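Predicted model, so just to flag it, every value in this text is computed and none were measured.
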Amino acid sequence: MTATEVARGDSSGKGVERGTGRGRGGGWRLLPSLARLRLASGLVLFAFVLLHFLNHALGLVSIAVMDVVQTWRWALWRSPPGTILLYGAFAVHIALGVRALFRRRTWRMPVNDALQIGLGFAIPVLLVGHILGTRGMHVAAGVDDFYEPVLRRLWPEAAVSQSLLVVIVWGHASIGLYHWLRPKAWFPAAAPWLLSIATALPLLALAGWIEAARRLELLDHGREVPRWPNGETAALAGWLAEAGNHLVFAFLGAVGLGLIAVRVATRLRAKVRISYGGGRLVRARPGPTLLEISRMNGVPHVSICGGRGRCTTCRVLVTAGGETLPPRGTLEETVLARIDAPPDVRLACQLRPTADLGVHLLVPAEGADAGQHDPYRWGVERRITVLFADLRGFTSLAEEMYPYDTVFLLNSYFEAMTAVIERHGGTVDKFLGDGIMALFGTRPERDAGARAALASAGEMLAALEDLNAEFAGLVPTPLRMGLGIHTGPAVLGRVGGMRRGGERELTALGDTVNTASRLEEMTKEFRCLLVTSEDTLKAAGIECPGGDFRHVVVRGRSETIAVWIADRRETIGDILTVTI
C-alpha cells in the first residue's frame with residue numbers, strides 16, 4: 001500500500017464507505033467517553049449561556065419582560081435536576097479542561113487555541129463574584145435576585161467588568177464550538193451565517209442589559225429605592241465574595257504550580273529523535289504529543305480540529321520505531337476506524353513518542369491557509385451522487401469517420417453534456433475517452449444531489465437526440481448513450497498534479513464511484529438507457545410503483561443491490577413528478 005493510499009484510508013474504497021455510512025458520519029458517536037463527556041458538558045454550559053444572553057437582550061424591550069423570561073429560565077436551571085446538570089457540567093468541564101492542559105507539553109499553538117485557554121482562565125476570576133452575588137445570596141439569605149435589584153447593584157460600578165465577562169464567556173464558547181464544528185462537511189457553507197449570529201448575540205446581550213440598567217436609573221432618579229446588599233446581607237455578600245476570590249486564586253495558583261512541575265519533569269528526561277523524512281530530523285524530550293513536537297520545532301503539521309482527535313488531518317505513517325509505541329487509545333482507534341487506516345497510521349495529536357521514531361506526514365501542510373477556505377484540499381467525507389455516461393459503439397463509429405469529424409463530434413457531445421450537468425448543479429469530474437463522470441451534491445444537500453442527477457440524465461438523453469438531428473448527415477448511425485447513477489458516501493478531495501492555475505482537480509474516491517461505473521456498464525447487458533440504484537431513488541424522494549426493479553450483483557461487491565432500469569427517456573421524466 002502506497003503512502004497516497006494510506007492517506008485516504010483504503011485504496012479499495014471500502015473503508016471509506018464504512019467510515020462515512022449512515023449513522024457514523026457525525027462527530028458525536030465517534031468520540032469515546034472522556035472526549036464525549038467534555039463536549040457534552042461544554043454544550044450544557046453553552047445552552048445556559050445562550051439562554052442567559054438572550055434573556056439579557058430582552059432588556060431592549062422592558063425589564064418586566066426580562067423578569068418573566070427569567071422565571072422560565074429558573075424553572076429549568078434552578079430545579080433540582082437542572083441544578084445538578086448545570087453545576088455538574090461546570091465541574092466536569094473545568095476538570096477535563098485542566099486535565100487537557102496538564103497533558104499539553106508546549107505553549108506553541110495556534111492563536112485561537114491560546115486565546116481559548118487565556119479566556120478560560122479569566123472566566124472564573126470575573127464569574128465567581130457574579131454567581132455568589134446572585135444565586136449565592138439567594139440561597140444563603142433569600143435575597144431577591146430578579147433583574148431590578150441586580151441591575152441597581154451592577155450599574156454603573158460594575159458595568160465594565162460585567163460587560164467584559166459577557167465578551168470573555170462568549171469568546172471562549174465560540175472558539176470551542178468552532179473547533180467542534182469545523183471538520184463537519186456542512187460547516188464551510190454555514191460559517192458566514194454562524195459568524196453573523198456569533199457576532200450579533202453578545203452585542204444584543206450587552207445592549208439589552210445596559211439599556212435596561214440606564215432606563216432603571218432614570219426611573220429611580222429623585223426617589224428612594226431599596227438597595228441590596230445592606231446591613232447583614234452586605235456583610236454576608238462581602239464574606240462570600242472574599243472567600244470566592246480566595247478559592248479561585250488558590251485554584252489558579254495550584255494549576256500554575258502543577259504546570260511548572262510538569263514542565264520541569266519533562267525537561268529532565270532524555271531526548272528522542274524524530275525523523276520526518278527528507279532529511280528533516282528533530283530532537284525532543286518524551287512527554288509532548290507528536291503534533292506538539294512538530295509545533296515546538298517549526299515543522300508544518302496540519303490539524304484542522306486543533307489537536308482534539310476529531311479530524312484525522314494530523315495523521316502520520318510510522319516508518320520506523322513503531323514497536324516502541326503504545327497501542328492506540330480509544331479515541332485514536334475510534335477516529336482512525338472511520339477511514340479504515342492500517343495499524344501503522346497514527347494520530348499525531350494522540351501519539352506521545354518515548355523512543356526514536358520515523359514518520360511520514362500523510363496530509364501535506366503546504367497551503368494550509370488556503371485549505372481553511374477550501375474544504376476539499378485535504379479531503380472531506382460526504383454523501384454524494386455519481387453519474388457515469390458512456391457513448392455506445394463510438395470506437396467503431398470513429399473508424400468510419402475522418403479524424404477531424406470525430407474530434408469535432410466528440411467535443412460537441414462533451415460541450416452539450418457539460419452544459420446540462422452544470423445547469424443542474426453538477427460538476428464534471430473527468431472525461432474518460434468518450435465517457436463522462438459527473439458529481440452531484442458536492443456541496444452539502446438534503447438529497448445528496450440525487451434528484452439533480454436524475455433530472456440531468458433525462459436532459460442529457462434529450463440533448464443527445466438534438467445532437468443526432470444536428471449531425472444526421474455526418475454520423476452513419478445515431479449516437480447512443482448509457483448512464484449509471486448511484487448515491488452513497490465518498491471522499492472528495494483534490495488529487496493529482498497541479499493544474500495551470502495552481503490547484504489540483506476535485507475528484508471523488510470510494511466504492512460509490514465504482515458502483516456507479518458498474519451500473520453504467522449494466523446498461524449494455526439490459527439494453528437500456530439508464531440503470532440507477534434504489535439508494536439514489538430514495539435520496540431523491542422518488543417511488544416507482546410499476547418500475548422495473550431488479551437485484552443485481554455488482555462486480556467488486558459481495559452483496560446484491562436493488563436497481564431501477566429505464567429504457568425510455570420519457571420514463572425518467574415521469575418518475576421525477578412522483579415523490580414519497
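When all heavy atoms of Ala389 and Met481 are compared, the closest pair comes out as CB-SD, 4.0 Å.
Taking 4.5 Å as the limit, some side-chain heavy atom of Leu391 sits within range of a side-chain heavy atom of Leu410. Side-chain contact between His424 and Val420 is present, with at least one heavy-atom pair separated by less than 4.5 Å. Side-chain contact between His301 and Val316 is present, with at least one heavy-atom pair separated by less than 4.5 Å. The shortest distance between side-chain heavy atoms of Asp511 and His486 does not fall below 4.5 Å. Looking at Phe408 and Tyr413, their side chains never come closer than 4.5 Å, going by heavy atoms from C-beta outward. Proximity of Ile561 to Val552: side-chain heavy atoms (C-beta onward) are separated by under 4.5 Å at one or more points. Contact of the Leu347 side chain with the Thr312 side chain is registered, since non-hydrogen atoms from C-beta on lie closer than 4.5 Å.
A salt bridge does not link Arg346 to Asp344: none of the charged side-chain nitrogens sits closer than 4.0 Å to a carboxylate oxygen.
Thr487 and Asp535 are not linked by any side-chain donor-acceptor pair at a separation below 3.5 angstrom, with hydrogens and angles left out of the test.
Remark: of the listed residues Thr442, Asp429, Thr427, Thr442 is the sole one forming a side chain to side chain contact (heavy atoms under 4.5 Å, CB included) with Leu492.
Here the CZ atom belonging to Arg527 is positioned 12.5 Å from the CG atom belonging to Asp567, to the nearest 0.5 angstrom.
Judged by distance alone, the side chain of Ser456 and the main-chain N or O of Ala452 form no donor-acceptor pair under 3.5 Å.
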*Steps toward side-chain contact (heavy atoms from CB on, under 4.5 Å) verdict (Leu357, Val272)*: CA-CA 8 Å; Leu357 191 66; Val272 298; over 6 Å; no

